[in-house]
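Step one of this worksheet: look at the structure below.
Counting begins at 1 with the first residue of the sequence. Fair warning: this is a prediction, and the values are worked out from it, not measured in the lab.
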Amino acid sequence: MLISYSVVWSAAPLRVEIVLKSTVFTSMLLVSAATTVTPIFTMTSVNYCGEFLELPDSAISAINAGSSNPMQMVLPSYRSFTNSAAITTSGTQVSFPIPAKYSSLKNIFVATRTSVGADGLYPNSHCKFGLSAYSFRVGAEVIPSSQPTTVPEFYSEAVKCFGSLADLAFQPSVDLVSYSLDIPNTIGSSGDASLLDSGSFVVGIDMEVYSNADKSSIFAGTNTNNSDIFYNASFTPQGNVTIFQTAFAGYDQVLVAENGVMYARY
């Protein structure tokens with residue numbers, strides 16, 4: 001595991017904190033009341049490697065000369081919002097308010113999961129839970145204009161949020177089987193964890209007119225500072241369940257360096 005962290009400037013010493021779970025089972029979210037084996041694991045060769053680069057005044061002057069005044073850098077950022085709802089087999093309409101008010105909102109995607117739940121289940125499986133249709137309301141506009149109602153439509157809209165879900169070999173990181181998972185898989189033993197899918201279902205909406213559009217401007221997304229956003233979804237689950245929803249809003253954050261001070265705006 002490699003963790004990379006970049007600091008523009010810091011007057012305080014840097015510190016890395018690593019919190020470990022007590023057992024392998026808990027780290028894999030497989031804790032069950034029937035679990036009797038308590039495996040022990042050991043971490044070795046833990047290193048903290050820091051690289052420091054100090055620029056002379058001439059280099060800083062050259063950077064400032066070739067930059068805007070004040071100096072500005074655009075960084076992609078995400079912020080999350082949560083919601084919970086009880087859905088029933090008779091059908092439930094859930095309206096999830098998402099207060100994502102930004103000058104450049106690029107995308108929103110929503111993951112739905114259960115609570116810890118029964119023993120033997122993946123506690124945080126992200127599943128469809130009987131989702132039959134959904135849409136996002138941004139101000140007075142409903143997106144998409146035609147509600148997605150099938151798994152291929154759910155998948156296609158989510159792919160737009162990321163641009164691509166495939167690796168260099170054109171293999172998707174989310175396959176159709178896991179994407180259509182409607183209830184959490186049951187884990188009979190610790191060995192099943194490598195054989196069964198934990199669920200990776202998300203729905204999303206692309207807030208850019210075209211994801212490959214010109215990025216020469218500071219803000220390339222949609223201005224939602226004055227818009228209320230709601231995720232409206234219809235569920236007909238196989239059993240009554242309380243779901244937890246997390247919305248992730250992607251937006252452009254601008255770092256501004258001016259008069260010896262750096263601050264962020266969005």
Aromatic plane relationship, Phe109 with Tyr78 - under 30° parallel, 30 to 60° tilted, over 60° perpendicular: perpendicular
hydrophobic_cluster_shared for Val151 and Val203, side chain cutoff 4.5 Å: yes
Validation row: Asn232, Tyr134 side chains within 4.5 angstrom (heavy atoms): no
Any pair counted as salt bridge (Lys or Arg N to Asp or Glu O under 4.0 Å), so long as it reaches residues 227-241, sequence neighbours left out: Lys101-Asp228
All side-chain hydrogen bond (donor to acceptor under 3.5 Å, both in side chains) counterparts of Asn83, not counting sequence neighbours: Gln245
Set of side-chain contact (heavy atoms from CB on, under 4.5 Å) partners for Thr236, sequence neighbours left out: none
Phe235 side chain near Ile243 side chain, heavy-atom distance below 4.5 Å: yes
Nearest atoms (heavy-atom pairs only) where Thr149 meets Ala133: CG2-CB, 4.0 Å
Approximate separation, where rounding is to 0.5 Å, of Ile143 CD1 and Met207 CE: 4.5 Å
Ala249 versus Ala100, closest heavy-atom pair with distance: CB-CB, 3.8 Å
Residue pairs, two or more places apart or on separate chains, that pass salt bridge (Lys or Arg N to Asp or Glu O under 4.0 Å) and touch residues 135-159: Glu157-Lys160
Pairwise distance CG(Leu105) to OG1(Thr224) - rounded to 0.5 angstrom: 4.5 Å
Close side-chain approach of Asn240 to Ile87, heavy-atom, < 4.5 Å: no
Thr246 and Ser80: CA distance, side-chain angles, deciding distance, side-chain contact (heavy atoms from CB on, under 4.5 Å) verdict: CA-CA 6 Å; Thr246 302; Ser80 62; 4.0 Å; yes
Step-by-step side-chain contact (heavy atoms from CB on, under 4.5 Å) determination, Phe136 to Val110: CA-CA 11 Å; Phe136 289 84; Val110 180; 4.1 Å; yes
For Ser156, side-chain contact (heavy atoms from CB on, under 4.5 Å) partners two or more places apart: none
ring-ring contact (aromatic ring centres under 6.0 Å, His included) involving Tyr102 - partner list, sequence neighbours excluded: Tyr251, Tyr266
ILVMFWY cluster, Phe230 and Ile108 together (side-chain gap under 4.5 Å): no
Check: Phe201 and Leu131 side chains under 4.5 Å, non-hydrogen atoms: yes
Centroid separation Phe96 to Phe81 less than 6.0 Å: no
Side-chain heavy atoms of Ser104 within contact of Thr222, under 4.5 Å: no
Minimal non-hydrogen separation, Cys161 against Asn107, with atom names: O-ND2, 3.1 Å
No-hydrogen, no-angle side-chain donor-acceptor test under 3.5 Å, Asn225 and Ser103: yes
Arg113 CZ to Phe129 CZ distance, which is reported to the nearest 0.5 Å: 10.0 Å
Side-chain touch Val142/Ser135, heavy atoms, less than 4.5 angstrom: yes
